[in-house]
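Next up is a structure, given as structure tokens.
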Amino acid sequence: MRVGEANWAGNLTYGADAVTTPRTVGEVQEAVAAAAHVKALGSRHCFNDIADSPGGLLLDLRALDAGVEIGDGTVTVGGSARYGDFAQQLHDAGFALPNLASLPHITVAGSVATGTHGSGRRQPGLAAAVSGIELVTADGSLKTFTRADTEFPGLVVGLGAFGVVTRLTLDVVPAFDVRQDVFDALPWDAAYERFDEIEDAGYSVSMFTNWANDAIDQVWVKSRVDDFTERAGLFGAVPADGPRHPAHAAGVPADNCTPQRGVPGPWHARLPHFALAFTPSVGDELQSEYFVPYADAVAAIRAVRELGDLVAPLLLVSEIRAIAGDDLWLSPCHGGDRVALHFTWQPRQPEVEAVLPVLEERLAPFGARPHWGKLFHGVPGEYPRLADFRALADRLDPRGKFRNPFLSRTVFGA
């Protein structure tokens, strides 16, 4: 029994009465069946209380090693596996995942359950790769779901509402190499007028800004080596003269970032921004993120830029990136392509929370959806299949064993 534990950022202390560390799926089943209220913990990279179980039980799944099974076009891993833990093994077998988040340190189950993504105008988020889920439900039963099941699109981005995910099967593609090129000082007018061309400049493109500077600080272009076109600049932005951290403008060194300057490497060593061997991002930080329809991206970017003087003093850096749409019921990209506006804040939570309502009001005309695992203030946005999600949760968890204050506020309306 362990109490008083905190999340990755240290901004939240869990309110559970006990934390236990199951080592087998059978132990997970026993713990879930016996608990009145229970939630699972992975890498703890959520910045809100989505994974908390006040007065209940938390299952720390880090010791749950389910192994890696590479099949014909798929890989099956334990829900507690981190992407960085099996990426090299997958690459050595000649395969790749089509997309990765900026941090390889996060677990597969937690990333998928919260709709976490990577970037790339034609690359959907991480959850879109899921083709099978093994789930421990409220009575301790072990159930398996695949794309053949009608409820599958509701289960994948499940927010922890349906049970404890113990294994997932992911679609893979042939392994590929990537190079990463960074450009400094993209003029704002170029970003507005050439947005589509910038997003098409590579397999994955990220823009970094504090919203107040005269130009976008950096553009990171990740290109497949087999589909690369040399360029001397990027619509007024110039090649960086050395490695960059996303928060370079704030004086953060690039030591923990993946290699840049066009040096080729395997997909798993370039698609993330940060290397597995180091503390990701800045470490001592908070995060928020909002998804707007791709068609509204430029208008939304202009709207946030009008708040530059308000948000810049609290920021370490902000990131703009595109993600392809999917059909997963509570995915932030459900129903169409989106652009994510990400905010990495300084660890000043009261001040950040005071700014969020203003930011959300400015983004409301675009139907912005917040990232489920990050800080936000108001409602999580419009989801056409929300009623179906609620009905599925009622069926799989009729007594609300997996519900918590976060789900009550955001999904179930209590």
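We number each residue from 1, following the sequence as shown.
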Do Q218 and H248 have side-chain N/O donor and acceptor atoms under 3.5 Å apart?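 Per modelled atom types, Q218 and H248 side chains form no pair under 3.5 Å.
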Suppose we call two aromatic rings close when their centres sit under 6.0 Å apart. Are Y290 and F366 close by that rule? no
I'd like to check L41 versus L61 (side-chain heavy atoms, cut-off strictly below 4.5 Å). Are they in contact? no
Separation between NE2 of H334 and CG of L330, rounded to the nearest 0.5 Å: 9.0 Å
For side-chain contact (heavy atoms from CB on, under 4.5 Å), just list the numbers for D214 and W188, CA-CA rounded to whole Å, side-chain angles, deciding distance to a tenth of an Å, and then say yes or no. CA-CA 7 Å; D214 292 337; W188 282 105; 5.7 Å; no
D149 side-chain N/O to E151 backbone N/O, donor-acceptor pair under 3.5 Å: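 The answer is no, because no donor-acceptor pair under 3.5 Å joins these two groups.
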Verdict with reasoning, D217 to D184, per side-chain contact (heavy atoms from CB on, under 4.5 Å): CA-CA 6 Å; D217 297 328; D184 288 340; over 6 Å; no
Is the closest side-chain heavy-atom distance between V298 and V339 below 4.5 Å?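 Not touching, per the 4.5 Å side-chain cut-off.
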Go through the side-chain N and O atoms of Q287 and E285 and say whether any donor and acceptor fall under 3.5 Å apart. yes
Quick check with a 6.0 Å cut-off and a 45 degree axis cone: is R403 positioned over the face of F412's six-membered ring? yes
Any donor-acceptor N/O pair, N404 side chain to F406 backbone, under 3.5 Å: yes
Using ring pair (Phe, Tyr, Trp, His ring centres under 6.0 Å) as the criterion, list what pairs up with Y383, not counting sequence neighbours.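 If we apply the ring pair (Phe, Tyr, Trp, His ring centres under 6.0 Å) test to Y383, skipping adjacent residues, the hits are W372.
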Any donor-acceptor pair under 3.5 Å from K401 side chain to A35 backbone: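 Side chain of K401 to backbone of A35, a donor-acceptor pair under 3.5 Å: yes, one is there.
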With a 4.5 Å cut-off on side-chain heavy atoms, are V221 and Q180 touching? no
Just so I know, are the side chains of Y294 and R338 near enough to count as touching, which here means a heavy-atom distance under 4.5 Å?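 Side chain of Y294 against side chain of R338, heavy atoms only: no contact under 4.5 Å found.
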Do side-chain atoms of K222 reach the backbone of R270 as a donor and acceptor pair under 3.5 angstrom? yes
Under 6.0 Å from the six-membered ring centre of F176 and within 45° of its axis: does the NZ or CZ of R224 meet both? yes
Under the criterion side-chain contact (heavy atoms from CB on, under 4.5 Å), I'd like the reasoning laid out for N7 against Y14: C-alpha separation, chi angles, the key distance, then a yes or no. CA-CA 7 Å; N7 65 343; Y14 298 116; 3.4 Å; yes
Under a 4.0 Å N-O cut-off, is there an ion pair linking R121 with D200?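 Looking at R121 and D200, the cut-off is met.
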Is any side-chain heavy atom of V172 less than 4.5 Å from a side-chain heavy atom of L90? yes
Assess, by modelled atom type and distance only, whether the side chains of S43 and W8 contain a donor and an acceptor separated by less than 3.5 Å.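 W8 and S43 do not have a side-chain donor-acceptor pair below 3.5 Å.
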For E382, is there an ion pair with R369 - N to carboxylate O distance below 4.0 angstrom?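 Salt bridge between R369 and E382, a charged N being under 4.0 Å from a carboxylate O: no.
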Tell me if a side-chain donor or acceptor on S141 pairs with a main-chain N or O of T137 at a distance below 3.5 Å. no
Any carboxylate oxygen within less than 4.0 angstrom of a Lys/Arg side-chain nitrogen, looking at K143 and E134?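 No.
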With the side chain counted from C-beta on, respond yes when F291 and I323 share a heavy-atom pair under 4.5 Å apart, and no when they do not.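 Contact flag for F291/I323 side chains = yes.
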Main-chain N/O of H342 paired with S318 side-chain donor or acceptor, under 3.5 Å: yes
Where the side chain of D85 meets the backbone of R82, is there a donor-acceptor pair that is under 3.5 Å apart? yes
Close side-chain approach of W211 to L315, heavy-atom, < 4.5 Å: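 W211 reaches L315 side chain to side chain.
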A quick test of your reading: do over 12 heavy atoms of other residues, nucleotides or ligands sit less than 6.0 Å from NE2 of H91? yes
Between W220 and H273, how do the two ring planes meet: parallel, tilted or perpendicular, split at 30° and 60°?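 Rings of W220 and H273: perpendicular, over 60°.
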Between E353 and R348, is a salt bridge (Lys or Arg N to Asp or Glu O under 4.0 Å) present by the stated rule, with each step listed? CA-CA 9 Å; E353 289 181 342; R348 298 159 62 182; over 6 Å; no
Can you name the closest pair of heavy atoms from V157 and F389 and give their distance?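 Smallest heavy-atom distance, with atoms named: O-CE1, 3.7 Å.
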One should read off an interatomic distance between L375 CG and L12 CG, to the nearest 0.5 angstrom, of 9.5 Å
Between R321 and E289 (salt bridge meaning N to carboxylate O under 4.0 Å), is one present in this structure? yes
Could you give the distance from CZ (F183) to CD1 (I198), rounded to the nearest 0.5 Å? 11.0 Å
Please examine the side chains of F162 and L392, heavy atoms only from C-beta on, and report whether any two atoms are closer than 4.5 Å.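 Yes - at least one pair of side-chain heavy atoms lies under 4.5 Å apart.
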Verify salt bridge (Lys or Arg N to Asp or Glu O under 4.0 Å) between R179 and D181, making sure each step is shown before the conclusion. CA-CA 7 Å; R179 57 176 287 160; D181 297 274; 2.8 Å; yes
How about Q349 and N11: does a side-chain donor come under 3.5 Å of a side-chain acceptor? yes
Do T74 and D171 get their side chains close enough for a donor-acceptor pair, meaning under 3.5 Å?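 There is no such pair between these side chains.
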Do the side-chain N and O atoms of T169 and S131 include a donor-acceptor pair separated by under 3.5 angstrom? no
Starting at OG of S53, measure out to CG of D17 and round the result to the nearest 0.5 Å. 8.5 Å
Could you check, using the six-membered ring where one of them is a Trp, whether H245 and F274 have ring centers closer than 6.0 angstrom? yes
With W329, which residues qualify under side chain to side chain donor-acceptor pair (under 3.5 Å), at least two apart? none
Pairwise distance CE(M207) to CG(L186) - rounded to 0.5 angstrom: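 Answer for the CE-CG pair, M207 versus L186, is 6.5 Å.
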Classify the angle between the aromatic ring planes of H45 and F47 as parallel (below 30°), tilted (30 to 60°) or perpendicular (above 60°).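 Aromatic pair H45/F47 classed perpendicular.
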Side chain to side chain donor-acceptor pair (under 3.5 Å) between H268 and Q88: does it pass, once the steps are laid out? CA-CA 7 Å; H268 61 87; Q88 183 66 56; 3.2 Å; yes
Backbone N or O of G110 within a donor-acceptor pair of the T114 side chain at under 3.5 Å?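 A pair under 3.5 Å: yes.
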Would the number of heavy atoms belonging to other residues, nucleotides or ligands and lying under 6.0 Å from CD of E197 be above 12?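 Atom CD in E197 is packed in, count exceeds 12.
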Any salt bridge linking D196 with R194? Criterion: basic side-chain nitrogen under 4.0 Å from a carboxylate oxygen.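 No, D196 and R194 are not salt-bridged.
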Could you check V304 against L363 for side-chain contact (heavy atoms from CB on, under 4.5 Å), going step by step and ending with a plain yes or no? CA-CA 8 Å; V304 176; L363 291 173; 3.7 Å; yes
Once rounded to the nearest 0.5 Å, what's the spacing between atom CD1 of I50 and atom CG of L159?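 It comes to 5.0 Å.
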Is the side chain of H105 donor-acceptor paired with the backbone N or O of L276 at a distance under 3.5 Å, no angle test?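 Checking the backbone N and O of L276 against the side chain of H105, a donor-acceptor pair under 3.5 Å is found.
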Short N-O contact, R409 and D49, less than 4.0 angstrom: yes
Side-chain donor-acceptor distances from residues 227-242 under 3.5 Å, at least two apart:
residue: D241; atom: OD1; partner: R244; partner atom: NH1; Å: 3.3
residue: D241; atom: OD1; partner: R244; partner atom: NH2; Å: 2.9

Salt bridge or not between D337 and R122? Use side-chain N to carboxylate O under 4.0 Å.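 Salt bridge between D337 and R122, a charged N being under 4.0 Å from a carboxylate O: no.
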Closest heavy-atom pair and its distance - G325, P124: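 For G325 versus P124, the nearest heavy atoms are O-CB, 4.1 Å.
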Can you tell me how the ring of H117 sits relative to the ring of H371, calling it parallel under 30°, perpendicular over 60° and tilted otherwise?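 Geometry flag for H371 against H117: tilted rings.
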So with a 6.0 Å cut-off around CG of D309, is the heavy-atom count from everything else above 12?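 It does not: D309 CG has 12 such atoms or fewer within range.
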